[in-house]
Amino acid sequence: MKKKILIVGDSFGAPTAHNSWTKRAFPDYRSYKNIALGGTSFWRSADNLHHIKDWNRFSHCIVFWSEHMRIYVRSTNSFIGGETPSLSTTFRDPTPWSIKTKGKHIFNKPVAKARLIQKNVSKSYELGIIEREFENLKAYFCLQYFYNVFYKKYPKVNFINIHCFNWLEEVAESFDVDVNFKSSENVIHVDGNMFKDFSTRGDELNCKNHMTDEQHTKFSKFISQIIDRLDNGDKITKNPDLRKIK
């Protein structure tokens with residue numbers, strides 16, 4: 001059966017046991033495929049998009065662009081890693097966080113070791129050892145490529161881009177460039193970011209897409225309205241804004 005919607009990204013889009021926005025927006029689980037996973041990097045999303053082979057199965061792709069300073073490592077050159085069928089699917093996370101690939105990634109240590117390295121990465125840019133501004137620019141130009149080149153290769157798919165953190169604002173401030181990507185043709189750019197504009201911080205919501213029950217309801221309506229308008233050929237707001245659905 002054709003799955004109309006593909007979801008890519010981190011914890012804001014990840015499937016949960018909770019009655020989440022995905023289940024409310026798309027009651028028929030067969031209508032979508034969700035390969036988002038909590039704690040993963042901006043670069044995982046970029047890699048996932050590049051390795052999707054069956055774009056003809058999808059009408060819409062919702063991308064939650066995460067934090068680019070999170071570590072990301074392919075477990076092998078074949079993207080997912082391992083020779084067993086269970087590891088050769090984009091449902092699995094090819095980063096060091098995954099138990100499935102912990103014996104195969106370049107660190108060759110369990111998740112605990114990867115967490116230590118992530119802490120060191122975080123500390124390094126706090127101390128100025130890693131230039132965050134340079135990493136911001138790399139991610140910014142990667143987005144330019146996806147918005148203006150990659151997405152255009154699949155004109156029959158609507159790409160809905162939702163940004164999870166506010167690093168684009170850092171780019172605008174540091175380099176005086178325009179980070180207000182405009183929605184165009186098959187590319188939808190949602191204004192605002194999930195962390196600052198539409199989520200609730202708290203350990204109890206970490207496995208619930210960082211949203212309260214009310215936020216799940218509002219977000220599901222926000223997403224389903226965008227997709228319904230696209231499906232019906234109706235006019236759509238040029239840049240849907242997260243800040244308007246609080």
Side-chain angles (χ1 to χ4, degrees), residues 2-40 42 44-45 48-49 58-67 143 146-147 151 154 156-169 179-202 204-246:
K2 179 176 180 178
K3 290 183 182 293
K4 184 171 68 172
I5 300 157
L6 174 67
I7 303 171
V8 179
D10 66 2
S11 55
F12 291 101
T16 71
H18 178 69
N19 185 18
S20 64
W21 69 267
T22 51
K23 296 174 183 176
R24 301 180 197 195
F26 318 122
D28 182 1
Y29 73 93
R30 295 169 298 179
S31 68
Y32 67 94
K33 178 178 181 180
N34 192 340
I35 60 173
L37 194 66
T40 52
F42 171 100
R44 178 184 189 262
S45 294
N48 274 160
L49 291 170
F58 303 106
S59 301
H60 310 284
C61 177
I62 306 170
V63 188
F64 289 85
W65 289 104
S66 186
E67 169 60 53
L143 278 181
F146 273 96
Y147 275 61
Y151 292 157
Y154 306 100
K156 294 183 179 180
V157 181
N158 295 303
F159 292 91
I160 302 166
N161 297 271
I162 300 171
H163 294 272
C164 300
F165 298 96
N166 63 346
W167 62 269
L168 277 173
E169 294 178 11
V179 298
N180 296 311
F181 293 89
K182 301 302 181 186
S183 295
S184 61
E185 299 177 13
N186 65 324
V187 183
I188 303 296
H189 174 81
V190 175
D191 285 338
N193 67 80
M194 296 297 293
F195 184 86
K196 185 175 73 173
D197 300 316
F198 199 83
S199 67
T200 302
R201 314 315 298 171
E204 74 279 7
L205 298 175
N206 282 347
C207 295
K208 297 181 180 179
N209 308 114
H210 310 293
M211 298 183 203
T212 63
D213 187 71
E214 182 182 9
Q215 286 173 324
H216 275 286
T217 297
K218 289 183 177 181
F219 194 72
S220 68
K221 290 180 179 178
F222 177 74
I223 292 296
S224 59
Q225 284 175 358
I226 291 174
I227 288 178
D228 286 346
R229 285 180 178 275
L230 291 169
D231 281 342
N232 296 330
D234 297 334
K235 287 185 177 180
I236 186 171
T237 304
K238 196 165 187 178
N239 288 81
D241 196 335
L242 287 170
R243 292 161 291 197
K244 293 182 179 180
I245 60 171
K246 279 188 173 181

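Computed over heavy atoms, backbone and side chain alike; hydrogens, waters and symmetry mates excluded. In this text, all values refer to a predicted model and were calculated from it rather than measured experimentally.
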For [X], what residues pass the side-chain contact (heavy atoms from CB on, under 4.5 Å) criterion, not counting sequence neighbours?
{"X": "Leu49", "value": "Val8, Trp55, Cys61, Val63, Trp65, Phe146, Phe150, Tyr151"}
{"X": "Thr237", "value": "none"}
{"X": "Lys238", "value": "none"}
{"X": "Glu214", "value": "Thr212, Lys218"}

Could I get the full list of side chain to side chain donor-acceptor pair (under 3.5 Å) partners for [X], not counting sequence neighbours?
{"X": "Asn158", "value": "His60"}
{"X": "Ser199", "value": "Arg201"}
{"X": "Thr217", "value": "Arg24"}
{"X": "Asp241", "value": "Arg243"}

**Request:** Output, in order, the C-alpha distance, side-chain angles, deciding distance and verdict of side-chain contact (heavy atoms from CB on, under 4.5 Å) for Phe42 and Trp167.
**Result:** CA-CA 11 Å; Phe42 171 100; Trp167 62 269; 3.7 Å; yes

Compare all side-chain heavy atoms of [X] with those of [Y] and state whether any distance is below 4.5 angstrom.
{"X": "Asn209", "Y": "His216", "result": "yes"}
{"X": "Asn161", "Y": "Tyr147", "result": "yes"}
{"X": "Phe195", "Y": "Cys164", "result": "no"}
{"X": "His18", "Y": "Met211", "result": "no"}
{"X": "Asp213", "Y": "Lys208", "result": "no"}
{"X": "Leu242", "Y": "Val190", "result": "yes"}
{"X": "Ser183", "Y": "Asn239", "result": "yes"}

Is there a donor-acceptor pair closer than 3.5 Å between any side-chain N or O of [X] and the backbone N or O of [Y]?
{"X": "Lys221", "Y": "Ile245", "result": "no"}
{"X": "Asn186", "Y": "Tyr154", "result": "yes"}
{"X": "Ser224", "Y": "Ser220", "result": "yes"}

**Request:** Check salt bridge (Lys or Arg N to Asp or Glu O under 4.0 Å) between Glu204 and all other residues, then give those that pass, not counting sequence neighbours.
**Result:**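 So Glu204 forms no salt bridge (Lys or Arg N to Asp or Glu O under 4.0 Å) with any residue.
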
Hey, which of [options] is the one that makes side-chain contact (heavy atoms from CB on, under 4.5 Å) with [X]?
{"X": "Ile162", "options": "Asn193, Asp191, Ile223", "value": "Ile223"}
{"X": "Ile62", "options": "Asn34, Ile5, Ile226, Ile188", "value": "Ile5"}
{"X": "Ile7", "options": "Ile160, Thr22, Ile35", "value": "Thr22"}

Looking at every non-hydrogen atom in both residues, tell me the closest pair between [X] and [Y] and how far apart they are.
{"X": "Ser31", "Y": "Asp28", "answer": "OG-O, 2.7 Å"}
{"X": "Pro240", "Y": "His189", "answer": "CD-O, 3.8 Å"}
{"X": "Gly38", "Y": "Ala14", "answer": "N-CB, 3.9 Å"}

If you round to the nearest 0.5 Å, how far is [atom2] of [Y] from [atom1] of [X]?
{"X": "Asn180", "Y": "Leu168", "atom1": "CG", "atom2": "CG", "answer": "9.0 Å"}
{"X": "Tyr32", "Y": "Phe58", "atom1": "OH", "atom2": "CZ", "answer": "13.0 Å"}
{"X": "Asp10", "Y": "Met194", "atom1": "CG", "atom2": "CE", "answer": "9.0 Å"}
{"X": "Glu67", "Y": "Asn166", "atom1": "CD", "atom2": "CG", "answer": "8.5 Å"}

**Message:** Enumerate the salt bridge (Lys or Arg N to Asp or Glu O under 4.0 Å) contacts for residues 222-236, please, sequence neighbours excluded, ordered by first and then second residue.
**Reply:**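 Listed by first then second residue: Lys4-Asp231.
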
**Request:** Output all residues satisfying ring-ring contact (aromatic ring centres under 6.0 Å, His included) with Phe64, sequence neighbours left out; order by chain, then residue number.
**Result:**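 ring-ring contact (aromatic ring centres under 6.0 Å, His included) list for Phe64, sorted by chain: Trp21.
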
**Prompt:** What residues form a ring-ring contact (aromatic ring centres under 6.0 Å, His included) with Phe12, not counting sequence neighbours?
**Reply:**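 Phe12: ring-ring contact (aromatic ring centres under 6.0 Å, His included) contacts with His210.
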
